[in-house]
Amino acid sequence: MLLNEEFKKSWLTSLVGFAILCAGTWLLTWNEGRAVHHAHSLDEAFNNVVALNPFEPVRPELEGHLIHISGNLIVDEPLTEPEYGVSVQSVKLKRRVQMYQWVEERNARDYGDPVASESTGADYFYITEWRDKLVDSRNFYIRHGHHNPTEIPLKTYVYVSPIAKVGQLKLGTDIKNKFNDYIEVTGDQRPDRRDIKLHLGIYYHCDDVWNPQVGDIRVQFYYAGVNGEPVTVVGMQKDGIIVPYHTTRGHQIALVRNGILTVSQIFDVEHSDARWETWKLRAAGTFVLYASAVCLKRLLRLLLLKLPPFHQIARDEISSSSNLAISLSVSLLIIAIAWLFYRPMIGVGLILASLSPIIYCSMAFFNPGQNQNDTQHER
């Protein structure tokens, strides 16, 4: 059968397969390009960084240089919420607001009649929950009796300390935004306002904590970067402030880690996190390519039958393991091309790994004993 004839028979599946193939190829290419640039930027930063002592004064000769400093956080003034009696001496204080609202749940049902579309429908259920974002009840299927307020009266907000330092260097806004390991505030000081009730560290704006009404709100507080906490920061020194450093590739270097870490340790941790993120996207891209191979397996079989070394794979219907092998080979080839110029040995090794199915099939094709067995099998 010709390729064009097979395409006419399975054009929809083939088009979906081609679209998925393009998406998977783009994802892997983008991911590897990002990974290479990130690794190159981290290596450049590691070679240029200057380690500072947190007890020494600001060194003007390091203006514009990438610096590494470890020490205890110094936060001058506490962040407060007077209405709730909350005061924490930290880099960030987050106020999380939730509102009690109606939520619609839809369960599709099917009466088993594949012909009559009128026989299909859905059941709608309405429950009340605490939600961070506003639920628009105007889109409910049954709106009567399930009305939510049109806005939340109090907004979620993050307070940031104006002055936070490590040693004698102040932290810039971008560095302070890196403090995201929030810890819940668990105070027991009751607010002065009578309409605010405290229960298990949560402040309720309602008449009854156990029976809230739609429209009631509750507030929780979290902090990050508490005063005196040991941290390690890597960034550029500018006017006595630590700001992001831009590498020659335009990548921003602004690292913040809890604890006292050496230069090697913090960059090793950053490399490890980057590799983990890269491998997650690699797995996703490989799965997308596998899905495209499944959609295109008939066209792939006809294409492989035209290439003598691949007769062994395409002699029968392409199995799931063959589809997986093809997707892995393509994925490894894309990854290898990205790393070839940055780390040639790794790139060459990945190219050989991606070509391993081709090498295996070629060995089988040029093996006289194997060819003879294949011929007898066909007879």
Side-chain angles (χ1 to χ4, degrees), residues 22-52 58-70 166 169-181 231-259 261-286 288-289 330-354:
C22 293
T25 303
W26 175 86
L27 176 60
L28 286 173
T29 303
W30 170 82
N31 181 49
E32 295 308 317
R34 180 192 59 83
V36 169
H37 285 300
H38 193 188
H40 185 278
S41 297
L42 288 177
D43 290 344
E44 177 187 335
F46 178 78
N47 294 327
N48 295 328
V49 68
V50 178
L52 297 182
V58 177
R59 297 166 57 181
E61 67 271 18
L62 295 180
E63 192 73 10
H65 286 71
L66 182 67
I67 59 96
H68 161 278
I69 187 169
S70 297
V166 176
L169 293 173
K170 297 179 181 179
L171 304 183
T173 301
D174 292 318
I175 301 296
K176 288 186 283 191
N177 288 336
K178 294 284 185 178
F179 289 88
N180 293 316
D181 294 332
V231 295
T232 301
V233 181
V234 175
M236 185 178 71
Q237 177 180 316
K238 182 180 180 181
D239 299 329
I241 302 174
I242 304 177
V243 298
Y245 173 83
H246 294 272
T247 65
T248 55
R249 291 176 176 258
H251 190 83
Q252 275 194 357
I253 299 296
L255 310 181
V256 176
R257 296 285 176 175
N258 292 328
L261 303 177
T262 64
V263 172
S264 298
Q265 288 173 335
I266 190 171
F267 277 93
D268 286 343
V269 171
E270 193 68 22
H271 273 295
S272 177
D273 289 349
R275 283 194 293 268
W276 173 244
E277 189 67 25
T278 300
W279 274 107
K280 287 194 295 184
L281 292 175
R282 282 172 181 166
T286 303
V288 173
L289 291 182
V330 175
S331 300
L332 287 174
L333 185 60
I334 295 173
I335 295 171
I337 293 173
W339 287 92
L340 189 60
F341 298 101
Y342 178 57
R343 292 181 179 170
M345 296 301 295
I346 295 179
V348 171
L350 291 174
I351 288 177
L352 292 177
S354 67

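All of these numbers come straight from a predicted model, not from anything done at the bench.
Counting heavy atoms from C-beta outward, Arg257 and Asp273 have side chains that approach closer than 4.5 Å. The side-chain heavy atoms of Thr232 and Thr262, taken from C-beta on, include no pair separated by under 4.5 Å. In this structure the side chain of Leu169 never reaches within 4.5 angstrom of the side chain of Val233, judged on heavy atoms. Using a 4.5 Å heavy-atom threshold, the side chains of His65 and Gln237 count as separate. Annotation: side chain of Glu270 is in contact with side chain of His38 (closest heavy-atom distance under 4.5 Å). Contact annotation: the side chain of Val234 approaches that of Phe267 to within less than 4.5 Å [non-hydrogen atoms, C-beta and beyond]. Leu281 is listed as a side-chain neighbour of Arg34, based on a closest heavy-atom distance under 4.5 Å.
Ile175 and Ala254 get closest at one heavy-atom pair: CD1-CB, 3.6 Å. Closest heavy-atom contact between Phe46 and Val49: O-CG1, 3.4 Å. Contact record, Leu261 with Ser70: O-OG, 3.1 Å, taken as the closest heavy-atom pair. The two residues Glu63 and Gly240 have their closest heavy-atom pair at OE1-N, 4.3 Å. Summarising the geometry of Ile253 relative to Ala45, their closest heavy-atom pair is CG1-CB, 4.0 Å, with the distance given to 0.1 Å. Contact between Leu171 and Ile241 at its shortest, heavy atoms only, is C-CG2, 4.0 Å.
Atom-to-atom distance recorded for Leu255:CG and Lys178:NZ is 7.5 Å, nearest 0.5 angstrom. The structure places NE2 of His271 at 11.0 Å from OG1 of Thr278, a figure rounded to the nearest 0.5 Å. If you take CD on Gln252 and CG on Asp174, they are separated by 6.0 Å, rounding to the nearest 0.5 Å. Rounded to the nearest 0.5 Å, atoms CG (Leu42) and OG1 (Thr247) are 9.0 Å apart. Note: His246 NE2 to Met236 CE = 7.0 Å, rounded to the nearest 0.5 Å. For the atom pair OG1 of Thr248 and CD of Glu44, the computed distance is 3.5 Å after rounding to the nearest 0.5 Å.
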